[in-house]
Amino acid sequence: MQTQTLQIAYQIYPSLEALPDADRTLLEQARRALENSYSPYSHFKVGAAVRFANGEMLGGANYENAAYPMCICAEQAVLAAAASRFPGEPITAIAITVQNPHKPVAAPAAPCGACRQVISETEQRNLCPMRVILQGETGPVFVFEKGSDLLPLSFGGDFLG
Ligand code: THU
């Protein structure tokens with residue numbers, strides 16, 4: 001028997017203003033994207049924005065449905081849009097932010113498990129690490145160097161080949 005220990009390193013910035021320029025710009029884009037959230041059921045707005053290797057950015061927001069399981073998370077909305085609009089263009093970073101009208105979120109909201117899976121597969125497909133930048137409505141910002149940091153031991157297409 002062996003014990004394996006996993007460690008994940010990430011950076012903590014005290015505020016949006018403290019971020020490097022490229023990360024701050026992307027997080028601001030995610031915050032703008034959040035305004036397009038369609039969330040009449042949860043009232044929980046999520047905005048995500050991706051940066052491509054060519055420097056372009058694209059934003060997306062969560063998109064709910066009265067048939068609740070059909071709700072689409074912001075991360076999945078933007079990653080699917082990115083693959084459709086700019087096929088083959090690697091994504092170097094994703095920023096995610098949230099807004100809850102019932103309770104201001106002052107801590108970074110981490111992507112759900114399903115979104116981590118999609119981030120992880122996009123990363124494997126693009127052969128490019130995706131920086132993950134997380135902030136609540138206010139407060140500190142967490143930065144992970146790659147999406148797989150958020151989903152160690154992930155399931156992937158390799159298992160199916
Ligand atoms: N949501 C996201 O957009 N991303 C996540 O990672 C977690 C949850 C959305 C789905 C739903 O519209 C709302 O937040 C509440 O769960």
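Because the structure is predicted, anything quoted here is derived from the model rather than measured. Remember, it's 1-based here, ligands and their atoms both numbered in the order they're listed.
Counting the atoms of ligand 1 from 1 in the order shown, those under 4.0 Å from a heavy atom of Pro111 are 6 (O). Contact atoms of ligand 1 toward Ser42: 13 (C), 15 (C) (distance under 4.0 Å to a heavy atom of the residue). Listed by number with element, the atoms of ligand 1 under 4.0 angstrom from any heavy atom of Cys112 are 5 (C), 6 (O), 7 (C). Remark: ligand 1 atoms within the under-4.0 Å shell around heavy atoms of Cys115 are 6 (O).
Here the options are Leu16, Val141, Ile133, the test is side chain to side chain contact (heavy atoms under 4.5 Å, CB included), and the partner is Arg24; only Leu16 passes.
Asn36 places no side-chain N or O within 3.5 Å of a backbone atom of Gly60 that could act as its donor or acceptor partner.
Between Arg116, Gln76, Glu64, it is Glu64 that holds the heavy atom closest to atom 12 (O) of ligand 1.
Counting heavy-atom neighbours within 6.0 Å of Glu121 CD, excluding the residue itself, gives a total of 12 or less. At most 12 non-hydrogen atoms from other residues, nucleotides or ligands lie less than 6.0 angstrom from OH of Tyr63.
For atom 4 (N) of ligand 1, the protein comes within 4.0 Å by at least one heavy atom.
One finds no salt bridge joining Glu56 and Arg51 here, because no Lys/Arg side-chain nitrogen approaches an Asp/Glu carboxylate oxygen to under 4.0 Å.
In terms of N/O distances under 3.5 Å, ligand 1 is approached by Ala74.
Between the side chains of Ser42 and Glu64, at least one donor N or O sits under 3.5 Å from an acceptor N or O.
Ala33 approaches Ala48 most closely through the heavy-atom pair CB-O, 3.9 Å.
Counting protein heavy atoms only, atom 16 (O) of ligand 1 is closest to Phe44 CD2, 4.8 Å.
At a heavy-atom cutoff of 4.0 Å, ligand 1 is contacted by both the backbone and the side chain of Cys73.
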